[in-house]
Amino acid sequence: MDYKSTLNLPSTSFPMKANLPQREPDFIKFWIDNKIYEKALSLKNKNKRYILHDGPPYANGHIHIGHALNKILKDIVVKNKLLEGYYSPFVPGWDCHGLPIELNVTKNLGPNAKTTPFSEIRKLSREYAQKFIDIQREEFIRLGVFGIWDKPYLTMSKEYEANIAKVLVNLADKGVIYKGEKPIHWCFHCGTALAEAEIEYYEKESPAIYVKFPVKESKVNVDGKLFVLIWTTTPWTLPGNVALAFSEELEYVVVSFDGKEYYVLAKNLVNEVSYKLGKDPSYLKDISMEDVKSLKVFHPFESRESKVVFSEHVVSDTGTGIVHIAPGHGIEDYEVGVRYGLLLLSPVDDEGRFTEEVSEWKGIKVFEANKLIVEYLDKIGVLLHYESYKHQYPHCWRCKNPVIFRTKPQWFFNVSEKFIKSKALEEINNVKWVPSWGKNRIESMVKNRTDWCLSRQRAWGVPIPAITCKKCGKTYLGGSWGKHIVEIFLRDGVDVWFEKSIKDLLGDFKCDCGGNDFEKEKDIVDVWFDSGVSSFCVLDEREELSSPADLYLEGSDQHRGWFQSSLWPSIAIKGKAPYKNVLTHGFVLDEQGRAMHKSLGNVVSPEEVIKKYGADVLRLWVVSEDFTEDLRIGDHILEKVVDAYRKIRNTFRYMIANLYDFSENDKLPYSKLTDIDKWVLDRLYSVSKNLIEYYDNFEFNKVYRNIYDFFNIELSSFYFDVLKDRLYTGKRDGIKRRSSQTAMYYLLSFMVKFVSPILSFTSEDVWHHFFKDRTGISSVFLTEYDTIPDEWNNKEIRENFDTVLYVREVVLKALDIARRSEVINSSLEAKVYIDTSNKKIKEILEYYKDSLWEFFIVSQCVVESFDPSNLIYYEEEEIRVGVSKAEGKKCERCWIYSTTVGSNPDHPTICSKCLEALCNF
RNA sequence: GGGCCUAUAGCUCAGGUGGUCAGAGCACAUCCCUGAUAAGGAUGGGGUCAGUGGUUCGAAUCCACUUGGGCCCA
């Protein structure tokens with residue numbers, strides 16, 4: 001007889017091989033065609049909200065692995081909240097304005113760029129951004145990310161743009177926007193301001209000079225004239241000098257080479273100066289920081305003081321350890337100037353010529369003036385040394401000419417204003433930062449933050465709707481004018497600013513002085529402001545959303561970026577942070593822990609990973625690492641993730657296959673379950689509690705670990721292995737089999753849901769193969785986590801099995817020895833003897849004595865004192881184990897050895913247990 | 001150059017307030033099974049906890065410095 005056909009072997013069409021790259025698109029199609037996310041949301045419409053607000057990626061280029069990491073993490077949060085029963089709408093966004101897009105557009109225009117009108121550049125930029133929004137949207141969807149993809153927010157949408165202007169006007173009304181000056185890169189050849197990205201560094205030859213600044217007063221006593229010595233490669237910036245910066249980290253000395261003139265400079269640069277002069281010092285003395293602070297220094301040719309200040313940016317690798325400060329001609333200088341309240345001079349016009357403020361060289365281009373200034377310094381006796389110096393210098397990317405720093409009027413957001421800054425710091429304290437050091441990080445950045453320069457001299461962005469009266473020079477941004485122009489923007493879009501004349505926009509607005517002839521502001525607002533006001537333009541505007549958001553989740557670089565740009569406007573207008581929780585993730589590095597660079601050839605793209613392994617593998621990778629730190633990725637790491645994926649998939653498959661003949665009606669009540677099934681439900685109870693806690697704390701790596709370990713240790717290697725006998729050979733609807741199937745049904749139902757925020761495709765695959773028809777629910781994402789019955793929490797069973805499992809370890813070692821001694825091959829060929837002096841253990845073993853053979857997967861197991869001779873013997877701690885060949889013959893059906901084999905002449909090759917099972921076959 | 005973060009077996013990770021803390025899973029090797037089968041099970045070998053120097057009776061765990069790596073600034 002063919003006994004194999006009488007077994008209840010696992011049966012399923014759920015494929016072992018996932019074939020994710022090919023099959024995942026079908027699930028995406030299913031989700032989209034059946035509007036699964038929309039349905040899930042509408043099911044939870046009345047429930048508590050959970051708002052994760054998307055930080056908009058820049059609409060330029062394809063997504064990289066960092067984008068994938070970010071969106072997958074967000075998706076895990078959103079799906080988990082959905083399954084917890086929250087209404088969690090995810091509205092994806094894109095950052096659309098800004099220089100990189102404008103540059104790509106103008107690059108494509110080639111030499112025509114200069115003559116292309118603003119409005120055309122804006123139109124092309126808009127098309128360019130839209131193209132990449134469409135590309136990136138498909139790429140995000142391919143990752144399995146749920147979101148309201150057909151209604152994302154775009155910072156270039158008509159409403160969003162108008163709202164940007166509205167928030168800006170609101171801020172102006174709050175009195176935190178002001179007009180000031182700031183140095184910018186300027187190409188006087190092209191007559192335009194340049195952004196950092198438009199600067200190229202080339203070698204340039206400049207005059208390097210040592211200049212003596214006369215000291216008028218000090219505590220330093222020398223027998224001659226005292227000077228502070230500086231070194232510069234831009235003599236033309238000297239007319240703008242207002243200060244001399246020292247470093248508190250350096251030591252200074254007074255040195256003389258001729259006994260007549262004495263110079264203050266950094267101690268460790270004396271040798272360099274001495275070498276250049278070709279003279280040894282005739283006098284050298286340390287001076288204290290107090291001495292330095294006592295110096296009252298004057299400008300070498302202007303009749304004003306050159307103030308002594310201190311700055312960290314002063315170093316002693318070259319020069320004199322004292323830096324001449326011209327706040328109008330350098331960013332660092334400017335910042336020092338802001339800190340010390342220094343005069344801001346920028347006596348240079350658009351063509352790079354000195355203005356009349358510098359009467360001596362008025363009208364002369366600054367680079368040509370260099371030579372004249374050096375000659376002049378020499379003439380008045382303050383030039384110590386001159387040489388030609390080659391160094392890296394910024395040049396215009398377009399015309400390749402050297403650029404300069406000069407100041408232009410700019411719009412600022414006054415964040416250093418006391419009230420705003422202290423309010424911001426207070427609010428930072430009310431936000432939960434994950435990981436916790438994020439708070440420290442943003443706090444120190446906020447503390448040191450200087451005013452935010454909002455204006456950009458560009459085309460692709462939202463105009464700053466300010467006007468200046470030509471008659472009296474008064475500038476308007478907020479007030480009734482602001483209200484008026486925002487109304488127009490909301491109705492017609494911000495493009496009218498560029499397209500219409502000021503007269504058309506003005507309405508009946510008049511200047512306080514009575515004038516009605518105005519000039520339009522040409523600058524646009526910084527892109528960081530665009531995304532920074534998203535809580536106003538998205539959370540406050542869209543019905544399904546609200547502010548403050550429950551969560552912002554971005555890379556740790558956003559402490560400087562979006563988290564801050566979002567904080568300031570919200571603080572200034574609402575007095576509140578726009579978020580309750582802020583979670584940051586690290587950066588994705590290669591397997592060696594190095595940043596990815598095209599030149600290193602170590603870039604891993606999400607597209608490649610999906611093509612080779614599938615999105616679920618990428619999703620599993622995300623949680624297999626600790627995302628609060630930097631993450632590593634590469635083929636070796638991904639292979640490991642694939643292994644883990646296979647294990648999880650197979651565990652699901654095993655459950656599905658063994659439940660092929662089980663339905664809800666076959667479920668047994670908890671009280672009827674066998675102990676091992678009660679044990680596994682106790683494990684499921686504790687795993688479930690853990691998982692919910694881990695999910696809520698964003699500890700996804702622990703979620704992964706807990707699931708993976710549960711599948712490997714408890715389920716695969718013990719529970720499922722033990723179950724095989726009763727599932728395959730037991731009576732089809734026998735109590736033991738149904739008991740285990742009941743537990744397995746819960747395992748499958750609970751775990752497929754817990755896994756679904758991570759392995760969304762695979763979970764849906766499982767759902768469709770098993771639960772869809774049984775429940776009538778078409779998607780796992782239309783369900784919620786199962787409630788965890790408290791009766792599963794069974795301390796007694798747990799403790800019993802702790803003991804059983806401990807003894808099992810010892811037994812397995814004994815079996816291994818028996819196997820290596822060639823006493824047995826399969827563990828079913830063994831009979832096991834166990835004895836222990838531990839009363840408690842013995843009690844438990846005796847209680848389970850009829851099940852031990854099953855737990856250990858052997859044919860016979862006895863608990864009694866035994867003679868170890870003639871047995872394979874092993875002991876550990878108090879456990880003594882003996883192994884011999886099992887008694888009786890191998891049953892052809894269940895493969896267990898039994899003395900009952902042959903007792904029935906009709907079935908001479910099978911055991912009594914199998915005979916019983918066959919009765920109702 | 002500065003701020004923040006980071007360094008534990010081949011990989012991914014555990015190791016509150018210092019004293020069985022040198023762990024887990026996977027991978028690997030060897031063996032078993034062939035009724036989860038391009039699956040399943042068992043046993044085993046792997047680390048001077050980046051380095052140096054301190055504090056301490058005692059440090060992976062505290063402190064300092066160094067080195068490597070990352071983010072943000074300069």
For a quick check of understanding: with a heavy-atom distance under 4.0 Å over all strands, which category does A:T729 fall into, base, sugar-phosphate or nothing?
base
What contact category does A:R820 fall into here, base, sugar-phosphate, or nothing, at under 4.0 angstrom with non-hydrogen atoms?
base
Mind checking the C1' distance from B:U8 to B:U48? Whole angstroms is fine.
12 Å
Considering only atom P, compute the distance from B:U6 to B:A22 and round it to an integer number of Å.
24 Å
Test of ring centre spacing under 6.0 Å for A:Y704 and A:W621
no
Assess, by modelled atom type and distance only, whether the side chains of A:D725 and A:T729 contain a donor and an acceptor separated by less than 3.5 Å.
yes
What does A:N825 touch in the nucleic acid at a heavy-atom separation under 4.0 angstrom: a base, only the sugar-phosphate, or nothing?
sugar-phosphate
Base, sugar-phosphate, or nothing: which does A:R705 touch, judged by heavy atoms less than 4.0 Å apart?
base
Identify all side-chain donor-acceptor contacts of residues 585-595 of chain A below 3.5 Å with residues at least two apart in sequence or on another chain.
from   : atom 1 : to     : atom 2 : distance (Å)
A:D590 : OD1    : A:Q592 : N      : 2.9
A:D590 : OD1    : A:G593 : N      : 3.0
A:D590 : OD1    : A:R594 : N      : 2.8
A:D590 : OD2    : A:N602 : ND2    : 2.8
A:E591 : OE1    : A:H636 : ND1    : 3.0
A:E591 : OE2    : A:H636 : N      : 2.9
A:E591 : OE2    : A:I637 : N      : 2.8

Rounded C1' spacing from B:A74 to B:C28 in Å:
48 Å
Please figure out whether A:N712 or A:I857 has its closest RNA chain B nucleotide nearer the 5' end.
A:N712
Enter syn or anti for the glycosidic conformation of B:G10, syn applying to angles within 90° of 0.
anti
Using a heavy-atom cut-off of 4.0 Å across all strands, would you classify A:T12 as base, sugar-phosphate, or nothing?
nothing
Over all heavy atoms of both residues, which pair between A:K421 and A:V415 is shortest? Give the atoms and the distance, please.
CB-O, 3.6 Å
By the Watson-Crick or G-U definition, both distances under 3.5 Å, B:C4 is matched with B:G70
With rounding to whole Å, what would you report as the distance between B:G15 and B:G70 at their P atoms?
26 Å
With a non-hydrogen cut-off below 4.0 angstrom, is A:R653 in contact with a base, only sugar-phosphate, or nothing?
sugar-phosphate
Are A:F14 and A:F652, when compared by the centres of their aromatic rings, separated by less than 6.0 Å?
no
Any base atoms under 4.0 Å from A:L828, or only sugar-phosphate, or nothing? Heavy atoms, all strands.
nothing
Quote, to the nearest angstrom, the C1' distance that separates B:A29 from B:A9.
16 Å
For A:A814 against A:I872, the heavy-atom pair lying closest together:
O-CG2, 4.0 Å
Between A:K647 and A:Y654, who's closer to the 5' end of RNA chain B by nearest nucleotide?
A:Y654
B:A24: pairing nucleotide in any strand, Watson-Crick or G-U under 3.5 angstrom:
B:U12
Which nucleotide span of RNA chain B, 5' end to 3' end, has atoms closer than 4.0 Å to non-hydrogen atoms of chain A?
B:G3 to B:A74
Tell me whether the centres of the aromatic rings in A:F856 and A:F718 are closer together than 6.0 Å.
no
As its Watson-Crick or G-U partner within any shown strand, both distances under 3.5 Å, B:U48 has none
What's the gap between B:G16 and B:G54 when it is taken at their C1' atoms, as a whole Å value?
25 Å
Could you measure between the two C1' atoms, the one in B:C65 and the one in B:G23, and give it in whole Å?
30 Å
Do A:W452 and A:F412 have ring centres separated by under 6.0 Å?
no
Non-neighbouring partners of A:S247 that pass side-chain contact (heavy atoms from CB on, under 4.5 Å), sequence neighbours left out:
A:E249, A:L250, A:Y252, A:V314
Expressed as a whole number of Å, how far does the C1' atom of B:U17 sit from that of B:G10?
34 Å
Under 4.0 angstrom, heavy atoms only, what part of the nucleic acid is A:E554 near: base, sugar-phosphate, or nothing?
nothing
What nucleic acid atoms does A:A644 come within less than 4.0 Å of, heavy atoms only: base, sugar-phosphate, or nothing?
nothing
Have a look at A:E332 and say if it touches a base, only the backbone sugar-phosphate, or nothing, with a 4.0 Å heavy-atom cut-off.
sugar-phosphate
